[in-house]
Amino acid sequence: MKAISMEYNYRDIENKWQALWKESDIYQVTEDKSRKSFYVLDMFPYPSGAGLHVGHPLGYIASDILSRYKRLKGYNVLHPMGFDSFGLPAEQYALETGQHPAVTTEKNIATFKDQLEKIGFCFDWSREVRTSDPDYYKWTQWIFLQLFKSWYNNKSDKAESIDTLVSELNEHGTLRLTDNKNIEIDAAQWKAMNEKDQQDVLMNFRLAYSSYGEVNWCEGLGTVLANDEVVNGVSERGGFPVEKKKMRQWFLRITDYADRLLQGLEKVDFSESMKEMQRNWIGKSEGAELDFRLTPGPSPRGEGGEAIIKVYTTRPDTIFGVDFLVLAPEHDLVQQITTEDQRSSIDDYLKYVKSRSDRERLAEVKQVTGCFTGAYAIHPFSGNKIPVWIAEYVLSGYGTGAIMAVPCGDQRDFDFATHFNIPITNIIGEAYNGKEANPTKDAILQNSDFLNGIVMKKAIGIAVDKIESLGLGKRKVNYKMRDAGFSRQRYWGEPFPIIWKDEMAVTLPESELPLELPFVENYKPGKEGKGPLANLTDWTNTPQGTRETSTMPGYAGSSWYFLRYADPHNNTAFASKEKTDYWNQVDVYIGGTEHAVGHLLYSRMWTKFLFDTGLISFDEPFRKLINQGMITGKSYFFATQNGKIVSYNEPAKDINFIRFKYGHKVVDSTRKLTRKNLELFLQDGLHEKPKFDIAWQGSGDDAFIIVKEESEKMSKSKFNVDNPDDLVAQYGADTFRMYEMFLGPIEQSKPWDTKGIEGVHRFLKKLWRLYIDEQKGVIVTHGEADNESLKVLHKTIKKVEDDIERYSFNTAVSAFMVCVNELTDLKCHNQSILEPLLILLAPYAPHIAEELYHLIGNSTSVINASFPKLDEKYLVESEKEYPVSINGKVRTTITISLDALQDEVETIALNNETVMKWIGDKKPKKIIYVKNKMINVVV
RNA sequence: GCGCAUGUGGUGAAAUUGGUAGACACGUCAGACUUAGGAUCUGAUGCCGCAAGGUGUGGGGGUUCGAGUCCCUCCAUGCGCACCA
């Protein structure tokens, strides 16, 4: 039996090499100091039950190509993968099915790894990390303890051991740090305090701290959530309503790092929109805090002391435009300053405010509501009486919870003043038209005493200086960002290494880490909003006290995992400094935008903290961030009316849309939608009202409906998930890899569409035929390569190198296609061309490259080859036909040598008949010779 | 409302510093070889026009010998933030 068909059998080739690579541990890397390191990282996935979809690998493929490329370039490349395996979904699943999260997680990870392996990634699996692994979370707990034992010293502008704070207090007592971080006790008082009180003081400084505070409580999930996990008043995961609740919680004092997180953005290579999102989240604003005294009056003003209202403003220049003050309804002073006349109205208003949920408040932003307190404040400069109001539009959580209202300059203040007939003072002359506020900073101030005639921009500084010098207030920087909630009333997370004793948090000794997550029978929440761990009394009660029963949030483990990859099996430290120094920062980090304000900010904070403590030597984790665009799925909808499918002749109104799974039967031969299918989807309750047009097709008895497709994020519930396995099975991993790159720029979102995949597959077959003839076998020739083929090769080397270096992964694919097309045309089968080509291609299509590399006689792996050297001499053409443009319009061509001198070109051009025909007898003003591009004659 | 990003053929998209716009691929059309073709190969394909030619990168304006690229302005789409004082 002869005729071993030598066609491109991707299935066998890929299986074979994947097995061999695995066997030989070819992707394992060590800290080889003789080579420069390069660290390429993907955001590690949460191992969901759904497995991988086509959107996942997009980033992984790009990072894989980059890693393989850098490796060919001689770098020692760290390219690890792991799993963010703690988290809510596994626990929700456990609640429903009773299966232990550890079991489902394990199973899901196996599926993920299997899928990843089939795509041929070069991950060093010996460095795999899993956040739910005790050997890993031991160090998450350890870092938490370090945070607990540290405080942020504004003087040194870094985190320090809490001991430095203690000794400071022992020696000097009073500590002046920033506005909101003062301890005003003397050393004697401090020493006189009992331990509990001392601990309470320290708790106000620890970077991981516990406190009673308003938290986002999500009843549906039975836990609290961090601000970034709440979207529009509902939980990001599951969409359950979220309410404010006072509870004892753990927090991360990320606000102390606000400024450094902001400054750090200057030195990292993130996209502008990503930086902007982070800046937005941090929300720094500079302004002033200003005191308004209240007029003395008959109304109760608290015991003895006169009430002072502190307002926060970013526009102190508008101080003379203040017509009233507004307090948040929750403001502490509200009860104290309300006059008897107004008391009942205020109480009614407060009742009304309380009845409204966060969601209602958000939804009805435009509505103007408020109530007068009866109190008046004194304008600090003019001495005028200013009414004090309360209103919903002032938030208690921002600034001081009180504002000075300047209706002529702020639209909300304007609306409020108009609504309640409060007279408006104009301080910007003609810039204010009386119909709406003008928030300009460029107007010249009037009616403004010492600020008259000054441009607002300049007046800001002048006003603050005056305010400060008169002791009426001070400069103040404000942040929108709040400290991050760090505890969850959940099971499937890292337990806190904390024991509560006499209301004091006691840390577990490091020798007792990891504090392993105990086994539980069921995942029902404990009493009083506590997590499932609270049900395990055997576990919670220890001789030293009661264990903390909440667990750490999902972002705990992911805030430092990139460091662990450098030294994943270290048992004595989270990673040795020697190794983190070697691998250093992540050179390129690839992942989605959805982590803009969560994971990325927390990682940056943890890195800065570990840097402060001297445990690592860099304070930004990621040098460059690439945000892969989302690959959206196509959803298909059918129109229905009263539960029936809308037919061609019916009028199209009151139409509902039913989500339908894409399938050939339905969309291709759309004669009718079967009753069974319809019922199935009606039962799923997936009624939706999308905004697109309906496309009617056919007529009469043949009428059918195709409802246009819509691109959305892929999700199981939307029936629009495409699974990479199918494509890999049908076309092979190499085709799949190249196709995902070929789709378009990595950072762009795009709908998933397989219709172009054939083209890529055809390319690989065409490539194969350069090396192999189905009958004759290997047809590679030896000897000198011809000049034309060499030009093609070197052009490709240059293009591919340039493209990958600028992360343009899609254009390099085209370069390969052009190359193979041209070599096919040239009938080039020369080894000295075709071997380097395989090395070039190996990052994109490693399997076929490896197979051919061996078939043409190599015994080593293409993975360990060296990137072909570019010889520039093949890039230049000795003579070239240049387009000649006359006044910018191309009219003819001239053939000259590439390195012709400018005056030589001019002579040739002026002797050229066609050129002369175009310019006639006019003298050209100048002749521009754009090297390698064109010649332009300006007449 | 504010901020950021993006607008190029029937489609996905190229054009790296301003220099022949539409590479490459899909699709479509025509053809070759075939018992067959969902294999392979060749050619055509922005639009108008038989053609010469004209026109063309969301609209308008500007800078330049020359603009998809730079500037101004308007429009559309996507994402983010949103009573943040």
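Scope of the values below: all heavy atoms of this structure, side chains included, with no hydrogens, waters or symmetry mates.
Taking atom C1' in both U34(B) and A39(B), one finds a spacing of 10 Å when rounded to whole Å. With P as the reference atom, C74(B) and C26(B) are 42 Å apart, rounded to whole Å.
With a cut-off of 3.5 Å on both pairing distances, the Watson-Crick or G-U wobble partner of G78(B) is C4(B). The pairing partner recorded for G9(B) is none, the criterion being a Watson-Crick or G-U wobble arrangement whose two distances lie under 3.5 angstrom. The partner of A85(B), taking Watson-Crick or G-U wobble pairs whose two distances both stay under 3.5 Å, does not exist in any strand shown. Pairing of U45(B), defined by two Watson-Crick or G-U wobble distances under 3.5 Å, is identified with G27(B). In this structure, A32(B) forms a base pair with U40(B), meeting either the Watson-Crick or the G-U wobble geometry with both donor-acceptor distances under 3.5 Å. When both pairing distances are held under 3.5 Å, G19(B) makes a Watson-Crick or G-U pair with C65(B).
Taking every side-chain heavy atom of T314(A) into account, A85(B) is the closest of C24(B), A85(B), A13(B). Checking C24(B), C4(B), C65(B) against every side-chain atom of N936(A), the shortest atom distance belongs to C65(B). In this structure, the nucleotide among A85(B), U42(B), C24(B) sitting nearest to the side chain of D825(A) is U42(B). Closest to the side chain of N280(A), from the set C4(B), G80(B), C65(B), is G80(B). In the set A39(B), A14(B), A85(B), A39(B) carries the atom at the smallest distance from any side-chain atom of K765(A). When distances run from any side-chain atom of L743(A) to the nucleotides C24(B), C84(B), G12(B), the shortest one goes to G12(B). Counting only heavy atoms from C-beta on, L395(A) has its side chain closest to C84(B) among A23(B), C84(B), C4(B). Between C81(B), C65(B), A85(B), one nucleotide has an atom nearer to the side chain of N887(A) than all others, and that is C65(B). The listed nucleotides are A85(B), U16(B), A14(B); the one nearest the side chain of T811(A) is A14(B). In the set G3(B), A13(B), G19(B), the nucleotide with an atom closest to the side chain of V930(A) is G19(B).
Within the 3.5 Å criterion, the main-chain N or O of K310(A) finds a donor-acceptor partner in the side chain of T400(A). Checked by atom type and distance alone, the side chain of Y8(A) never pairs as donor or acceptor with a backbone atom of R769(A) at under 3.5 Å.
OP1 and OP2 of A85(B) both lie 4.0 Å or more from every side-chain N or O belonging to Y312(A). Applying the 4.0 Å criterion to OP1 and OP2 of G12(B), one finds that N810(A) has every side-chain N and O outside that range. For R762(A), a side-chain nitrogen or oxygen approaches OP1 or OP2 of C26(B) to under 4.0 Å. For the OP1/OP2 pair of C41(B) and a distance below 4.0 Å, the side-chain nitrogens and oxygens of R769(A) include at least one atom meeting the criterion. Distances shorter than 4.0 Å separate some side-chain N or O of N821(A) from OP1 or OP2 on A25(B).
With a 4.5 Å cut-off on side-chain heavy atoms, I422(A) and P407(A) do not count as touching. Using a 4.5 Å heavy-atom cutoff, the side chains of I403(A) and T313(A) are not in contact.
K284(A) comes within 4.0 angstrom of nothing in the nucleic acid, heavy atoms only. At the heavy-atom level, Q748(A) lies under 4.0 Å from the strands shown only through sugar-phosphate atoms. Counting any heavy atom pair closer than 4.0 Å across all strands shown, S273(A) reaches sugar-phosphate atoms only and no base atom. Residue-level contact check: M817(A) touches the backbone only, with heavy atoms under 4.0 Å from sugar-phosphate atoms and none from bases.
Each of R806(A) and I757(A) was assigned the nucleotide of RNA chain B with the nearest heavy atom; the assignment lying further toward the 5' end belongs to R806(A). Where K933(A) and P745(A) meet RNA chain B, the nucleotide closest to each residue was compared, and P745(A) sits on the side nearer the 5' end.
Atom CE of M274(A) and atom C1' of C81(B) are 14 Å apart (whole Å). Rounded to an integer number of Å, the gap from NZ of K827(A) to P of U42(B) is 10 Å. In this structure, W768(A) atom CH2 and A39(B) atom C1' are separated by 17 Å, rounded to whole Å. Protein atom CD of Q411(A) is 11 Å distant from nucleotide atom P of C2(B), rounded to whole Å. Per the geometry, OH belonging to Y731(A) stands 14 Å off C1' belonging to A25(B), to the nearest Å. Following rounding to the nearest Å, H761(A) (NE2) and G38(B) (C1') show an atom-to-atom distance of 12 Å. Spacing between atom CD1 of I935(A) and atom C1' of G19(B) amounts to 12 Å, rounded to whole angstrom units. Between Q278(A) atom CD and C4(B) atom P there is a gap of 16 Å when expressed in whole angstrom units.
The side chain to side chain donor-acceptor pair (under 3.5 Å) test with T735(A) is passed by exactly one of Q730(A), H761(A), E740(A): H761(A). Between D802(A) and the options K799(A), K798(A), R806(A), a salt bridge (charged side-chain N to carboxylate O under 4.0 Å, His left out) holds for only K798(A).
Ring pair F416(A)/F324(A): centre-to-centre distance below 6.0 Å.
The CG atom of L841(A) lies 7.0 Å from the CG atom of L764(A); values are rounded to the nearest 0.5 Å.
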